Amino acid sequence: MNEIHVRLPDGKTLALPKGASVLAVAEKIGPGLAKAALAGKVNGKLTDLRVALDADVEVSIVTARDPEGAEVLRHSAEHVMADAVKRLFPQVQIDVGRTDHSEKFQYDFLIERPFGPEDLVAIEAEMEKIVKAKQPFVREIVTREAAKKLFSERGEMLKVSRIDDIPTDAEISIFRQGDFIDLCRGPHVQRTDQIGAFRLIDVSGSYWRGDERNPMLQRIYGTAFADKKELVAYLERIEEAKKRDHRRLGPALDLFHLDPISPGSPFFHAKGMIVYNQLVAYMRELYVRYGYDEVMAPLIFNTDLFKTSGHYENFKDDMFLFPSHETEMGLKPMNCPGHAMMFGMRKRSYRELPLRLAEFSRLHRNERAGALQGLTRVRSFAQDDAHIFCRPDQVESELTQFFQMLREVYTTLCLDNVSVAVSTRGERFIGAPERWDIAEKRLVEACRAAGYEPAIKKGEAAFYAPKVEVDVTDVLGRVWTLGTVQLDMAMPERFGLKYITDEGSEGTPEMLHRAILGSLERFFAIYLEHTEGDFPLWLAPVQIVVLPITDRHHAYAQKVEQTLRAAGLRAQVDLRNEKLGYKIREAELHKTPIMAVVGDQEEANGTIAPRRRHDSSESSATSLEALVAELQREVADRRSLNRSRGGTQDLSS
RNA sequence: GCCGACGUAGCUCAGCUGGUAGAGCAGCUCAUUCGUAAUGAGCAGGUCAUCGGUUCAAAUCCGAUCGUCGGCUCCA
């Protein structure tokens with residue numbers, strides 16, 4: 001048997017000698033394809049072109065046109081960058097590179113002096129030379145000993161250490177390109193010139209092996225595409241994200257601001273508070289329907305409480321603690337211990353369960369300075385937080401109900417790109433491992449029952465509970481974790497929580513921690529960027545602005561404003577001495593959903609001329625009553641703009 | 001907390017190798033009374049993040065601190 005059969009995507013089969021490379025398949029199909037080939041896919045798995053085939057397989061050839069192609073050429077760009085760095089700075093030791101799915105690649109270097117922006121320019125120029133030289137990538141299989149010898153001779157001690165990470169039964173491959181050699185699984189492009197366009201983006205420090213006790217390496221980030229056009233499009237997308245940055249939009253739209261006088265603690269302005277409070281009001285409305293009881297526990301506790309919960313031990317350094325009358329007090333960083341106390345303050349009957357305690361209190365966490373980021377990582381925040389105490393046999397239906405409520409909220413907010421993950425027990429945990437296994441399984445099952453196949457994040461759980469994380473993808477394709485539900489393994493026992501069962505015995509309740517929007521501050525930021533400030537009518541700080549054409553119409557305009565306000569609409573009137581076009585422009589820039597133009601005709605007929613945000617088509621005059629009724633309906637329905645499909649402005653009710 | 005970059009008027013930014021701070025927008029005043037994304041003119045606005053050092057002289061050079069940004073680590 002010296003022949004193998006290779007099946008192609010179009011169903012055809014090619015016969016090749018055993019041991020033929022993936023590239024040989026491409027050559028057999030055609031010289032054009034062979035030249036354009038970046039990698040192969042063997043039985044669906046991305047494979048280097050130089051890999052030998054020794055059995056019957058399905059093969060497809062990956063070119064720049066395939067999404068995987070970009071990943072391959074970015075990986076090769078990573079090597080070219082490391083090569084360029086070694087050429088310019090022979091004293092550096094290379095660690096490893098990485099190509100993630102966010103269109104970026106990176107490579108870590110050990111060097112005494114940090115890289116600066118000027119270095120990036122020089123490295124980029126050196127990379128350009130390597131790319132122009134059309135150097136081939138050569139793959140070699142080596143033994144573990146040969147690999148170690150090779151890299152220690154080259155002074156690459158970090159690499160030698162990385163070789164030890166490779167499982168003993170795995171094949172060790174290296175790639176050469178020019179004088180550069182790297183330990184690498186591949187796949188790689190054939191020649192450096194197949195990397196069409198690249199750009200180095202940034203440099204930062206990163207700990208070796210991700211451990212902050214280790215020395216810091218210099219990490220360079222870059223991106224690469226098959227051609228210049230795609231690179232430009234990528235850079236434009238970055239610009240777009242900058243335009244939507246909540247740290248820019250927030251102050252510009254008069255929603256909030258941050259000040260060094262209290263790092264990580266936002267000042268919410270009147271307009272921001274409307275959005276914030278509307279979100280809270282919406283959750284409260286759902287709490288009535290879903291059977292939650294809103295409560296309010298203290299903000300400050302004797303730290304004994306956090307010792308009981310275990311948070312003190314785990315998060316002491318990140319809490320605001322202070323002495324008071326000989327005792328140590330602390331600002332609460334989460335609601336669960338307070339709710340556990342509220343549950344335990346008297347004897348509970350099984351008839352009271354499930355007991356769902358919700359709270360919107362402010363929480364304070366003394367986040368490390370470097371961790372702060374706009375509203376997405378703050379020191380002072382509130383959550384749409386709740387803890388559910390229930391009997392063991394009620395856990396399943398509670399999880400079902402949670403997913404149901406979550407889906408309702410996300411649908412209302414038009415966040416329809418949802419995925420979930422289950423985080424499992426990590427190194428730090430409390431409770432019995434066997435119980436963790438059961439809880440993790442239940443969470444996975446609950447996700448499936450809700451129609452989501454969860455990804456598994458190993459070791460990512462909170463110290464007291466495995467958790468489900470619910471992620472949404474925003475208009476720019478960024479993924480954010482919003483909702484979470486955790487099945488607690490420890491708190492009820494630590495607090496000695498009991499209830500009397502229907503048989504008169506004592507039982508320990510199960511405790512679920514859950515949030516749907518998560519940190520309201522963070523959600524605010526994410527939603528602001530997602531919508532670019534174009535809030536749906538029910539959330540818009542100013543829903544309608546009345547625009548009189550001249551000061552002749554001021555009295556009528558003010559009457560209209562009063563009528564709108566009396567109808568419960570957040571209306572304003574623009575009485576400034578400006579032309580209509582100017583006022584419309586201002587209202588557009590402030591993202592006001594509805595403008596009501598009033599002039600001679602409207603005043604004479606008792607009407608208004610409405611205009612929707614982003615809609616310059618002239619609309620006919622409407623009676624005030626009709627407009628009020630329409631807007632009230634839109635608010636009551638909490639209608640949103642659906643922007644997940646191309647950002648269209650159609651109302652999806 | 002660690003690595004790097006940055007910090008000039010409310011905002012966006014000029015200000016070359018040291019010689020005493022400038023524009024546009026926003027704000028205020030006046031004129032204009034105007035029909036769907038910017039009417040015109042004028043006025044005012046800054047301890048150049050803070051503190052210290054070098055110098056005859058510092059927004060500019062050096063150091064420290066604070067803050068912000070991009071990462072790392074962390075994220076109850």
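If you're wondering where the values come from, they're calculated on a predicted model, not measured in any experiment.
Residue A:Q373 places at least one side-chain N or O under 4.0 Å from the OP1 or OP2 atom of B:rG70. OP1 or OP2 of B:rC72 has not a single side-chain nitrogen or oxygen of A:R98 nearer than 4.0 Å.
Side chain of A:K579, nearest nucleotide from B:rC34, B:rA76, B:rG67: B:rC34. Of the candidate nucleotides B:rU68, B:rG35, B:rA76, B:rG35 has the atom lying nearest to any side-chain atom of A:I549. Closest to the side chain of A:A609, from the set B:rG1, B:rG71, B:rU36, is B:rU36. For A:P260, taking side-chain heavy atoms from C-beta onward, the closest of the listed nucleotides B:rG35, B:rG70, B:rG67 is B:rG67. When each of B:rG35, B:rC75, B:rU36 is scored by its nearest atom to the side-chain atoms of A:R365, the top-ranked nucleotide is B:rC75. Nearest nucleotide to the side chain of A:E212, out of B:rG71, B:rA76, B:rG1: B:rG1. Among the nucleotides B:rA76, B:rG27, B:rA37, the one closest to the side chain of A:Y582 is B:rG27. Among B:rC3, B:rG71, B:rG4, the nucleotide with an atom closest to any side-chain atom of A:V203 is B:rG4.
Taking atom P on both nucleotides, B:rC61 is separated from B:rG67 by 23 Å, rounded to a whole Å. Across the P atoms, B:rC62 and B:rU17 are found 12 Å apart, a figure rounded to whole Å. Only the C1' atoms considered, B:rU55 is 12 Å distant from B:rG19, to the nearest whole Å. Comparing the P positions of B:rU12 and B:rU54 gives a spacing of 35 Å, expressed to the nearest Å. Comparing B:rG15 with B:rG70, their C1' atoms sit 27 Å apart, to the nearest whole Å. Taking atom P on both B:rU47 and B:rC56, the two are 28 Å apart, rounded to the nearest angstrom. With both ends at atom C1', the span from B:rC48 to B:rU8 equals 4 Å, rounded to whole Å. The gap from the C1' atom of B:rU60 to that of B:rC6 amounts to 15 Å, rounded to the nearest Å.
For the pair A:Y556 OH and B:rU33 P, the computed distance is 24 Å after rounding to whole Å. The CZ atom of A:R247 sits 15 Å away from the C1' atom of B:rG7 (whole-angstrom rounding). Remark: C1' of B:rU73 and CZ of A:R368 are 6 Å apart, rounded to the nearest angstrom. Rounded to an integer number of Å, the gap from A:F381 CZ to B:rA76 P is 10 Å. If you take CZ of A:R585 and C1' of B:rA26, they are 12 Å apart, rounded to a whole angstrom. Summarising the geometry, the separation between CG on A:L372 and P on B:rC66 is reported as 13 Å, rounded to the nearest angstrom. If you measure from atom CG of A:D317 to atom P of B:rA76, you get 15 Å, rounded to the nearest angstrom.
Residue A:M216 is the one, among A:M216 and A:E586, whose nearest nucleotide of RNA chain B lies closer to the 5' end (criterion: closest heavy atom). Annotation: of the two residues near RNA chain B, A:K467 and A:R552, the 5′-most nearest-nucleotide partner is A:R552.
Comment: A:K457 engages A:E469 in a salt bridge, judged by a side-chain N to carboxylate O separation of less than 4.0 angstrom. Salt-bridge annotation for A:R162 and A:D95: present, with a side-chain N of the basic residue lying under 4.0 Å from a carboxylate O of the acidic one.
In this structure, A:L520 and A:F360 have side chains that are in contact, with non-hydrogen atoms separated by less than 4.5 Å.
Below 30°, between 30° and 60°, or above 60°: for A:F463 and A:F315 the angle between ring planes is between 30° and 60°, a tilted geometry.
Side-chain N/O atoms of A:Y207 and base N/O atoms of B:rG71 include no donor-acceptor pair closer than 3.5 Å. Side-chain atoms of A:R377 and base atoms of B:rC74 include a donor and an acceptor less than 3.5 Å apart. One donor-acceptor pair, N or O on each side, does fall under 3.5 Å between the base of B:rG35 and the side chain of A:E602.
Side-chain atoms of A:S380 and A:R362 include a donor-acceptor pair closer than 3.5 Å. Residues A:T303 and A:E328 bring a donor and an acceptor atom of their side chains to less than 3.5 Å of each other. Neither side chain, A:H513 nor A:N335, offers a donor N or O lying under 3.5 Å from an acceptor on the other. Counted by atom type alone, A:Q218 and A:Y107 present zero donor-acceptor pairs between their side chains at under 3.5 Å.
Less than 6.0 angstrom separates the ring centroid of A:F225 from the ring centroid of A:Y234.
Every stem involving RNA chain B, taken as at least 3 paired positions in a row under the Watson-Crick or G-U wobble test at 3.5 Å, is listed here: B:1-7 with B:66-72, B:10-13 with B:22-25, B:27-31 with B:39-43, B:49-53 with B:61-65.
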